[in-house]
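Notes follow once the structure below has been shown.
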Amino acid sequence: MELESNFIKTIMEEDLKNGKVSEIVTRFPPEPNAYLHIGHARAIITNFELAKIFNGKTNLRFDDTNPVKEDSSFVEAIKEDIKWLGYEPAQVLFGSDYFGQTYDLAVTLINKGLAYVCDLNQEEMREYRGTLTEAGKNSPYRNRSISENLQLFKEMRDGKFEDGEKTLRAKIDMASPNMNMRDPVIYRIIHIEHHNTGNKWCIYPMYDFAHPIQDSIEGVTHSLCSIEYDDHRILYDWVVEKCDMPHIPHQYEFGRLNITNTIMSKRYLKQLVESNLVKWYDDPRMPTLTGLRRRGYTRDSIKNFVLGTGLSRINSTVSSEMLETSIRNDLNYQVKRVNAVLNPLKVTITNYPENEIEWIDVEYSKDNEALGTRKIAFGRNVYIEKEDFLELKPNKKWKRLSLGIEVRLMHAYFIKCNEIVKDSEGNIVELLCTYDPITKSGSGFIDRKPNGNIHFVEATTSRKSVFNHFEPLMLDSDSKRDMVERLNPNSWKTLNGFVEIDLKDTYSLERFQFIRNGYYATDYDSKKELLVFNRICELRSSFK
RNA sequence: UGGGCUAUGGCCAAGUGGUUAAGGCAUCGGACUUUGACUCCGUGAUCCCAAGUUCAAAUCUUGGUAGCCCAGCCA
């Protein structure tokens with residue numbers, strides 16, 4: 001799928017056309033403190049695809065300016081997710097690579113009288129900041145001399161002070177209606193080992209100061225971020241200007257992408273994992289990229305989904321059905337269509353010889369012959385789905401098996417149900433049927449029409465399997481309600497059944513259409529003796 | 001009268017003064033079918049409201065209304 005027209009693409013076209021920029025350079029700047037989710041995928045895809053269209057380039061830059069929260073374990077996971085999506089960054093960089101230059105630029109600001117060391121503690125600073133409707137007031141430390149500021153900032157760097165004892169603040173305007181401009185902190189003291197720089201630094205720049213500098217150093221032309229940074233842009237531009245950055249990057253904001261029944265906040269995903277409400281970040285129910293991958297989603301389905309939702313400045317909530325449609329469309333043509341019985345009901349073909357198995361050639365997909373064929377087994381003992389049998393045909397629309405009714409076992413023969421075997425509690429445990437040899441599939445038999453076509457697997461050759469079915473983790477998206485209350489108790493359902501013998505050597509993440517059941521992917525935990533499949537999504541159904 | 005952003009069918013979204021206002025998802029019909037799948041056909045908008053500018057307005061102006069964001073030494 002192509003990237004549709006959107007406002008950022010239009011801006012880039014104009015910038016290129018009127019010579020404002022000669023090349024498009026974008027960046028994806030994740031903070032290495034969490035696993036990436038499908039919301040990040042929008043940012044990744046947007047940055048890379050936009051640059052690609054204009055033959056530009058995209059860097060991956062880890063935004064690691066806060067060692068309290070960040071960890072190198074996330075660095076590798078994030079790299080892997082981006083690679084999985086099929087993108088290769090022009091460069092892989094770290095914000096911490098620029099700590100030296102960032103420090104020097106802070107000194108530049110001090111020398112210009114545009115930054116000062118402030119002794120206010122956190123609480124005092126909040127009081128001085130004012131409120132949304134009232135102006136703040138100047139810090140008593142605002143007018144320290146340049147030399148004193150220089151000395152103090154150096155001492156901050158040299159570890160003379162405790163965490164929180166002092167900050168470096170930009171001197172802008174405590175009466176600004178934009179809170180971000182009320183002398184924002186640009187450096188703070190944190191005595192913690194950094195995953196990249198170790199103990200070299202004990203002061204770290206804030207995002208608002210570091211980000212524009214990083215963008216400028218890297219020659220980023222279009223710095224894309226989410227809409228809540230809109231009122232940070234004025235500060236972004238201030239930093240670029242006052243630091244006399246030779247290259248001037250520009251920030252553009254776009255809305256966040258939400259999906260119905262899906263909650264994507266880092267805090268929430270972390271809580272799910274730490275409370276053992278899911279197995280891990282790669283749990284197939286998680287909206288993380290690693291979870292979606294394990295579920296069986298393909299990179300193209302994610303890309304097409306994101307591209308299909310478009311891009312605007314609105315925070316949008318897209319129906320999860322759109323994601324499902326995207327994976328169905330991707331898998332429909334390219335995947336093998338095979339038989340699996342998830343809720344087995346034993347069927348004995350009473351007029352078929354015992355100990356005889358018949359092998360039938362069947363194409364994997366009549367829509368894609370290149371997939372080839374395999375042999376399916378047919379014999380005296382088969383399994384069909386429990387839901388494909390009802391003792392009494394309920395209405396004319398019922399296109400499945402009932403007592404005295406004849407249906408086709410797909411790719412094999414017509415069978416007719418003659419007798420029902422029940423246990424002492426009245427549950428149906430077996431069906432006794434007869435088959436008609438002249439109705440064999442492919443024989444051209446047209447004298448009778450069966451009451452529908454159902455799938456089956458031969459009992460003695462099929463492989464025991466576990467099928468994991470998923471529902472949304474949350475029953476609603478009302479973030480005001482407690483998470484545990486909203487949890488869907490049926491988000492993971494396990495079924496035990498059989499797949500046709502052809503799947504005995506399936507490998508992790510191999511994807512199939514199980515005929516009439518849905519799309520599935522082989523789980524990492526699948527073993528030869530017990531195959532495990534995750535349902536990616538159901539087939540569409542107009543059955544009412 | 002704190003500041004900022006946004007408003008196009010149920011959900012996304014193109015559209016940049018002249019179009020029958022693209023497209024996708026969903027819905028509802030129908031055709032086809034050895035998957036109740038796929039595929040194919042059909043199906044919906046006085047563009048938040050009001051006034052104005054103009055021969056002509058979703059697009060420009062003014063005034064409303066509604067929603068979202070901002071008071072971390074988080075990003």
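Residue numbering restarts at 1 for every chain, and letters A, B, ... go by the order of the sequence lines.
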- Name the nucleic acid region contacted by A:His455, choosing base, sugar-phosphate or nothing; use a 4.0 angstrom heavy-atom cut-off, strictly under. nothing
- Donor-acceptor contact present, side-chain A:Ser441 to main-chain A:Ala412, <3.5 Å: yes
- Query: Among A:Gln251, A:Arg27, A:His250, whose side chain to side chain donor-acceptor pair (under 3.5 Å) with A:Ser223 holds?
  - Reply: A:Arg27
- Task: Select one nucleotide: of B:G72, B:C5, B:A13, the one nearest the side-chain heavy atoms of A:Arg126.
- Result: B:G72
- Query: Reckon A:Ser319 has a side-chain N or O less than 4.0 Å from the OP1 or OP2 of B:C12?
  - Reply: no
- Task: Look at all strands and tell whether A:Tyr204 reaches a base, only sugar-phosphate, or nothing, counting heavy atoms closer than 4.0 Å.
- Result: nothing
- Rounded to whole angstroms, how far apart are OH on A:Tyr364 and P on B:A37? 25 Å
- B:U33, B:A71, B:G36: which one has an atom nearest the side-chain heavy atoms of A:Leu132? B:A71
- Message: Is the distance between the ring centroids of A:Tyr103 and A:Phe153 under 6.0 Å?
- Response: yes
- Reckon A:Ile314 touches a base, only the sugar-phosphate, or nothing at all at heavy-atom distances under 4.0 Å? sugar-phosphate
- Heavy atoms under 4.0 Å, any strand shown: does A:Lys69 hit a base, just sugar-phosphate, or nothing? base
- Task: Tell me what A:Asn178 touches on the nucleic acid: a base, only sugar-phosphate, or nothing, going by heavy atoms under 4.0 Å.
- Result: nothing
- Message: Over all strands shown, is A:Thr309 touching base, sugar-phosphate only, or nothing at heavy-atom distances under 4.0 angstrom?
- Response: sugar-phosphate
- Any A:Ser5 side-chain N or O less than 4.0 Å from OP1/OP2 of B:G15: yes
- Message: Within the 4.0 Å heavy-atom criterion, would you say A:Gly442 contacts the bases, only the backbone, or no part of the nucleic acid?
- Response: base
- Of the nucleotides B:G24, B:A71, B:C5, which has the atom closest to the A:Met322 side chain? B:G24
- Query: Which part of the nucleic acid, if any, lies within reach of A:Ser326 when heavy atoms closer than 4.0 Å are counted: base, sugar-phosphate only, or nothing?
  - Reply: nothing
- Nucleotide nearest A:Pro177 (side chain, heavy atoms from C-beta), chosen from B:U34, B:G3, B:A26: B:G3
- Message: For a quick check of understanding: with a heavy-atom distance under 4.0 Å over all strands, which category does A:Glu253 fall into, base, sugar-phosphate or nothing?
- Response: nothing
- Out of B:A75, B:G3, B:U35, minimum distance to the side chain of A:Arg337 belongs to B:U35
- Note on the structure: Closest to the 5' end of RNA chain B, once A:Asp119 and A:Phe7 are matched to their nearest nucleotides, is A:Phe7
- Task: Return yes if the base of B:G36 and the side-chain atoms of A:Arg400 contain a donor-acceptor N/O pair under 3.5 Å, otherwise no.
- Result: yes
- Message: Classify A:Ser441 by what it touches in the nucleic acid, base, sugar-phosphate, or nothing, heavy-atom distance under 4.0 Å.
- Response: base
- Go through B:U35, B:U27, B:G15 for me and flag the one nearest to the A:Asn453 side chain. B:U35
- Task: Using ring-ring contact (aromatic ring centres under 6.0 Å, His included) as the criterion, list what pairs up with A:Tyr281, not counting sequence neighbours.
- Result: A:Tyr35
- Query: Would A:Asn59 and A:Glu218 count as having a side-chain donor-acceptor pair, cut-off 3.5 Å?
  - Reply: yes
- In short, A:Thr197 meets A:Tyr204 closest at the heavy-atom pair OG1-OH, 4.3 Å
- Item | Among B:A75, B:G72, B:A13, the nucleotide that comes nearest once only the side chain of A:Glu4 is considered | B:A13
- Message: Give me the distance, rounded to whole Å, that separates B:A22 from B:C12 when you measure between the C1' atoms they each carry.
- Response: 14 Å
- Return the nearest nucleotide to the side chain of A:Asn332; candidates are B:G15, B:C25, B:C38. B:C38
- Proximal nucleotide (of B:C73, B:A13, B:G36) relative to the A:Asn121 side chain: B:C73
- Task: Look at the side-chain N and O atoms of A:Arg516 and state whether any lies under 4.0 Å from the OP1 or OP2 oxygen of B:G36.
- Result: yes
- Taking the side chain of A:Arg408 as heavy atoms from C-beta outward, which of B:A13, B:C70, B:U34 is closest to it? B:U34
- Query: Want to settle it: does A:Leu409 or A:Thr317 sit nearer the 5' end of RNA chain B, counting the closest nucleotide to each?
  - Reply: A:Thr317
- What are the two closest non-hydrogen atoms of A:Tyr364 and A:Asp502, and how far apart are they? OH-OD2, 2.5 Å
- Task: Would you please confirm or rule out a distance under 4.0 Å between OP1 or OP2 of B:G72 and any side-chain N or O of A:Arg129?
- Result: yes
